[in-house]
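If you're wondering where the values come from, they're calculated on a predicted model, not measured in any experiment.
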Amino acid sequence: MSHLEHQAHTLLAAYVLDAVDRDERAAVDAHLAECADCRADAAALRETVADLAEADAEAPPRAMRDAVLGRVAQTPQLPPTVSQAPSSAPARRRPRRTAWLVAAAAVAVTGIGAAWGALGGDSASRTLERDVIAVASAPDAHTMELALGDSHLVMSDRMDEVAVMGHAAPMPAHGMEYQLWFVLQDGSYMAGPTFVPDDDGDVMTLADLHDETIMGFTVTEEPMGGSEAPTGDMVAEVSL
Amino acid sequence: MADERRRLHVVRDGAASSPHDRSRALDSLLTRAGRGDEQAFADLYDAAAGAVYGVALRVLRSPALAEEVAQDVLVEVWQHAARFDPATGSARAWIVTMAHRRAIDRVRSEQAHADRLRRHGHLFEASAPEPDDIVDVSYRAWRAERVRDGLSRLSDKQREALELAFTKGYTHTELARSLGVPLGTAKARVRDGLMKLRDLWEESP
Ligand SMILES: [Zn+2]
């Protein structure tokens with residue numbers, strides 16, 4: 001047993017109790033991905049922690065039920081995929097998804113930019129996912145339907161961000177991507193991130209609103225890498 | 001369906017239904033919520049919100065903070081419901097450990113905030129209670145008979161370590177410092193304590 005493995009084994013209890021720091025958590029996560037025995041141990045220990053926690057059950061404030069169910073009615077759900085190691089058949093699926101997610105995230109930060117392949121790895125896509133969730137669960141999150149398969153656009157003024165998430169989105173034409181545009185008060189367009197659905201038709205992207213007053217959003221098809229101003233067909237539109 | 005509702009009603013009333021039945025009912029509700037079934041989610045709320053709020057309150061102490069965190073966790077449960085895989089554990093554990101983790105994250109971020117303030121001289125004293133005090137307060141909260149019984153079978157040191165980790169969000173490093181013991185010892189106390197509980201409760205679920 002390597003030192004790291006040993007470390008992961010002795011940390012398992014602390015891990016399920018959240019008594020680990022970030023690096024330790026990452027080390028245990030990495031080990032769990034490979035070790036079925038430890039996964040089973042972790043699952044059993046989680047049940048024990050749940051027993052401990054349930055002993056503290058306490059009636060929540062009455063108003064909380066309506067508040068939660070109200071938010072749920074406005075909150076899109078994440079698709080069931082992700083977080084599993086790629087199986088051998090759709091071998092390209094995971095890396096490709098990661099690539100466009102990373103690109104979408106990078107473009108969202110920098111405006112239009114050729115960010116393809118700049119970064120890599122799962123953690124970036126998880127970061128994007130987490131950021132999208134943060135927007136979607138902001139107290140002032142405002143959800144609108146987006147006619148791109150079964151998609152939604154979620155906007156939070158407080159976080160100054162807008163997220164697109166959905167599934168069953170059709171593929172853009174070959175060599176093209178979708179691009180999100182912000183419609184400003186004077187009717188001009190500000191460029192947002194480009195994105196393409198993954199093989200399952202799932203889409204996810206995130207953009208900074210830059211404190212602009214936004215009148216609406218459109219999605220167009222643009223050549224790979226996106227455009228400075230909309231050139232392609234409008235595929236979806238949301239006005240506020 | 002009718003069966004399930006009957007079971008859930010029992011869960012809501014906290015009356016005696018087997019833990020296994022309760023747990024299975026929650027698995028099925030979470031799975032259905034994952035397919036977008038809002039009614040299933042409402043039933044899940046009724047079965048699980050008390051545990052979510054309770055653990056948040058236990059860790060955070062403030063009812064207002066606990067409610068905020070509990071709400072966020074329950075919405076997160078809805079968002080991620082489709083990713084729940086019953087093969088990897090129960091819905092109950094999935095939900096409650098998520099609540100615990102978010103509450104601990106919150107404690108740590110509040111703590112980091114307080115530390116920053118203190119470093120800049122705006123806050124002069126730490127309001128953390130003494131460890132002995134913590135254990136006492138904890139005792140009142142560990143109400144359920146089974147949990148109390150399980151905890152009573154741990155050594156004092158195991159119990160103290162486990163409670164600090166569980167309710168205060170101490171990492172094992174902080175635990176070692178706070179208890180004045182070597183890191184390996186702190187880690188071992190948490191591990192031995194939790195494993196002993198697991199073994200006890202697996203014997204008599
Ligand atoms: Zn292992």
Audit row: Asp149(B), Arg153(B), salt bridge (charged side-chain N to carboxylate O under 4.0 Å, His left out) steps and yes/no = CA-CA 7 Å; Asp149(B) 180 60; Arg153(B) 301 195 199 197; 3.1 Å; yes

Give the C-alpha distance, both sets of side-chain angles, the deciding distance and a yes or no for salt bridge (charged side-chain N to carboxylate O under 4.0 Å, His left out) between Arg71(A) and Asp72(B).
-> CA-CA 9 Å; Arg71(A) 280 173 66 184; Asp72(B) 289 348; 3.0 Å; yes

Determine, step by step, whether Asp46(B) and Arg65(A) satisfy the salt bridge (charged side-chain N to carboxylate O under 4.0 Å, His left out) criterion, reporting the C-alpha distance in whole Å, the side-chain angles of both residues, the deciding distance to 0.1 Å, and the verdict.
-> CA-CA 8 Å; Asp46(B) 292 332; Arg65(A) 189 176 195 272; 2.8 Å; yes

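Using bins of under 30°, 30° to 60° and over 60° for the plane-to-plane angle, the ring pair Phe182(A)/Phe217(A) lands in the perpendicular bin.
Only the side chain of Leu57(B) comes within contact range of chain A, with heavy atoms under 4.5 Å apart. If you measure heavy-atom distances from Ala33(B) to chain A, the contacts under 4.5 Å come from the backbone alone. Heavy-atom distances place the side chain of Glu38(B), and not its backbone, under 4.5 Å from chain A. With a threshold of 4.5 angstrom between heavy atoms, Thr88(B) approaches chain A through N, CA, C or O but not through any side-chain atom. Interface residue Ile104(B): only side-chain heavy atoms are found under 4.5 Å from chain A. If you measure heavy-atom distances from Ala73(A) to chain B, the contacts under 4.5 Å come from both the backbone and the side chain. With a 4.5 angstrom heavy-atom cutoff, Leu17(A) touches chain B via backbone and side-chain atoms both. With a 4.5 Å cut-off on non-hydrogen atoms, Arg102(B) does not touch chain A at all.
Highest contact tally toward chain A, considering only Lys187(B), Met195(B), Glu68(B), is held by Lys187(B) [criterion: heavy-atom pairs under 4.5 Å]. Ranked by heavy-atom pairs shorter than 4.5 Å toward chain B, the options Val49(A), Leu45(A), Val16(A) are led by Leu45(A). Contacts with chain B were tallied for Arg25(A), Arg46(A), Arg39(A); Arg25(A) has the most, counting heavy-atom pairs under 4.5 Å. Highest contact tally toward chain B, considering only Ala44(A), Ala40(A), Pro60(A), Ala14(A), is held by Pro60(A) [criterion: heavy-atom pairs under 4.5 Å]. Counting heavy-atom pairs closer than 4.5 Å to chain A, the top residue among Val55(B), Val190(B), Val52(B) is Val190(B). Each of Val20(A), Leu11(A), Val72(A), Thr75(A) has some count of heavy-atom pairs under 4.5 Å with chain B, and the biggest count is that of Val72(A).
Considering all non-hydrogen atoms of both residues, Gly216(A) and Ile214(A) come closest at O-CG2, 3.2 Å.
Salt bridge annotation for Asp156(B)-Arg159(B): present, with a cationic side-chain nitrogen under 4.0 angstrom from a carboxylate oxygen.
Under a 3.5 Å cut-off, the side chain of Tyr178(A) and the backbone N or O of Val219(A) do not form any donor-acceptor pair.
Counting heavy-atom neighbours within 6.0 Å of Lys157(B) NZ, excluding the residue itself, gives a total of 12 or less.
Between the side chains of Ser90(B) and Glu47(A), at least one donor N or O lies within less than 3.5 Å of an accepting N or O.
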